[in-house]
Visitor: 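Here it is, the structure, as structure tokens.
Residue numbers start from 1 in every chain, and the chains themselves are labelled A, B, ... in the order their sequence lines are given, proteins ahead of strands.
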There are 2 protein chains.
Amino acid sequence: MPTTTKARIVSEARRLFAEQGYATTGLTAIRAAAGVHAGSLYHAFPSKQALLIAVLEDYLAQMDDRLVGPAWAGVDDPIERIFALLARYRQFLIDTGFMFGCPIGFIALEIHQPDDDVRALIWENFNNWMKRVRDCLDQVEFASPTDLDNVATLVLTTMEGAVMLARTARSIAPFDQSVTALRDYISRLSAEPAPSNSGQS
Amino acid sequence: MPTTTKARIVSEARRLFAEQGYATTGLTAIRAAAGVHAGSLYHAFPSKQALLIAVLEDYLAQMDDRLVGPAWAGVDDPIERIFALLARYRQFLIDTGFMFGCPIGFIALEIHQPDDDVRALIWENFNNWMKRVRDCLDQVEFASPTDLDNVATLVLTTMEGAVMLARTARSIAPFDQSVTALRDYISRLSAEPAPSNSGQS
DNA sequence: GTCTATAGGCTGATAGAC
DNA sequence: GTCTATCAGCCTATAGAC
């Protein structure tokens, strides 16, 4: 449990936003969870949006420690690291009885008219995630020339879509199906020369 | 403009939920847009959730007329039909200055503790969408044996993720990147034999 | 920096006349 | 089936004492 008032508020807000959504979570609930009174919260964060920004900055700062590091513990192969990251989200879904959703994805869709600071921070989180994937892809010798940024983007969109579908289905099947197709794609990239029209849209 | 009160309410609710989100859109705004008074709305739909269910049933019933039909007009090739469907979402993003999001995806992530009727209807919408893609895939002679349900799922997750990222980036680039990678995958399926470990996860 | 008290507005839902 | 009036509760934000 974080000790400073600000850190405790951010920690509880992060948890409640992830569990219940941003709009649905009242400052009252956050105050109760963090054990602070209205004036203290207002003193630390002048608005609910300022608190959201602090939460998004926290996700960004802690991505390696809380998400990527644990996922990659004991995994050295760069391709397997990509799927270890996805496996982490799979486990979150299982562990929460399919209540889990990517907290960043939640906010990305929930905020319909985002302040530019908020939008930029969500994008930084996405971008950072893709960079980790891109770094893995850079370590692989692919048999056919392929735009690796495109592949890294596909990995993220697959994760976000797979979590969305599995949550809705209350079943891991759609998650596994899309990840299996993604792995099929990546294994074909490693193993074979590109067809003549590859990479065009 | 629909004539019956119920249809007018559903039509405006559908629009407002898509533009602003479910939680954010008040019944007051829906009443104002549809030009009905509180008692009438309550008479037609006993709760906000009942109205949401009517909206989701409307999406399901009108998927072919409003989405799939227009997307496939003048497109006969089954693979091109899949990408014509995706191109439709691309155009929605462009036309709305990246405010657009898949209305079903919005609701799927926004409702954190969904009533089972709501959840089942969201899933039916996803499933129906994947069926259209699956029907296209069935018309193609693929060179290598591949689980086509996995591919259909990947198409949907790619669309949902691509819309999420493009909205956040306020740029079509991430959408195009993931769709380009998806097309690269599908073209490899058509053109080449599978590697020995294809389709495994 | 912490606490109490509350403002001002919005929400979904509803009762009851017509 | 339509309208008016309103309730009780929640929300964010804030003023002001300590």
Visitor: For the side chain of B:His37, starting at C-beta, report the closest nucleotide among D:dT4, C:dC3, C:dT2.
Guide: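 Nearest nucleotide to the side chain: D:dT4.
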Visitor: Please state whether the rings of A:Phe100 and A:Phe92 are parallel, tilted or perpendicular, taking 30° and 60° as the class boundaries.
Guide: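 A:Phe100 and A:Phe92: tilted rings.
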Visitor: To the nearest Å, give me how far apart CD1 (B:Ile9) and C1' (D:dG1) are.
Guide: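 It works out to 11 Å between those atoms.
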Visitor: Expressed as a whole number of angstroms, how long is the span from A:Arg8:CZ to C:dT2:C1'?
Guide: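 A:Arg8 atom CZ is separated from C:dT2 atom C1' by 12 Å.
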Visitor: Give a yes or no on this: more than 12 heavy atoms of other residues, nucleotides or ligands lie within 6.0 Å of atom NZ of A:Lys48.
Guide: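 It does: A:Lys48 NZ has more than 12 such atoms within range.
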Visitor: Can you tell me which residue pairs pass the ring-ring contact (aromatic ring centres under 6.0 Å, His included) test with a partner in residues 104-127 of chain B, sequence neighbours excluded?
Guide: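 Counting only pairs at least two positions apart or across chains, the ring-ring contact (aromatic ring centres under 6.0 Å, His included) contacts touching residues 104-127 of chain B are A:Phe106-B:His112, A:His112-B:Phe106.
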Visitor: Specify the separation, in whole Å, of atom CG of B:Leu27 and atom P of D:dT6.
Guide: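 For the pair B:Leu27 CG and D:dT6 P, the rounded distance is 20 Å.
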Visitor: Strictly below 4.0 Å, heavy-atom distances to any atom of DNA chain C: list the hits from residues 38-51 of chain B, or just say none.
Guide: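 Nucleic-acid contacts, sorted: B:Ala38, B:Tyr42, B:Ser47, B:Lys48.
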Visitor: Decide yes or no for B:Ile186 and B:Ile79: does some side-chain heavy atom of the first lie under 4.5 Å from some side-chain heavy atom of the second?
Guide: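 A side-chain contact under 4.5 Å exists here.
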Visitor: Rounded to whole angstrom units, what separation is found between the CZ atom of B:Arg31 and the C1' atom of D:dT2?
Guide: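 It works out to 13 Å between those atoms.
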Visitor: Just call it for B:Thr24: base, sugar-phosphate, or nothing, with non-hydrogen atoms closer than 4.0 Å on any strand.
Guide: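 Contact class for B:Thr24: none.
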Visitor: When you check the phosphate oxygens OP1 and OP2 of D:dC11, does a side-chain N or O of A:Thr28 lie under 4.0 Å from one of them?
Guide: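 Answer yes for this pair, as a side-chain N or O of A:Thr28 is under 4.0 Å from OP1 or OP2.
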Visitor: Looking at A:Glu80, I want to see if its CD is surrounded by more than 12 non-hydrogen atoms of other residues, nucleotides or ligands under 6.0 Å.
Guide: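 Check passes, neighbour count above 12.
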Visitor: Would you say the side-chain atoms of A:Asp58 and A:Gln62 include a donor-acceptor pair closer than 3.5 Å?
Guide: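 The answer is no; no qualifying pair exists.
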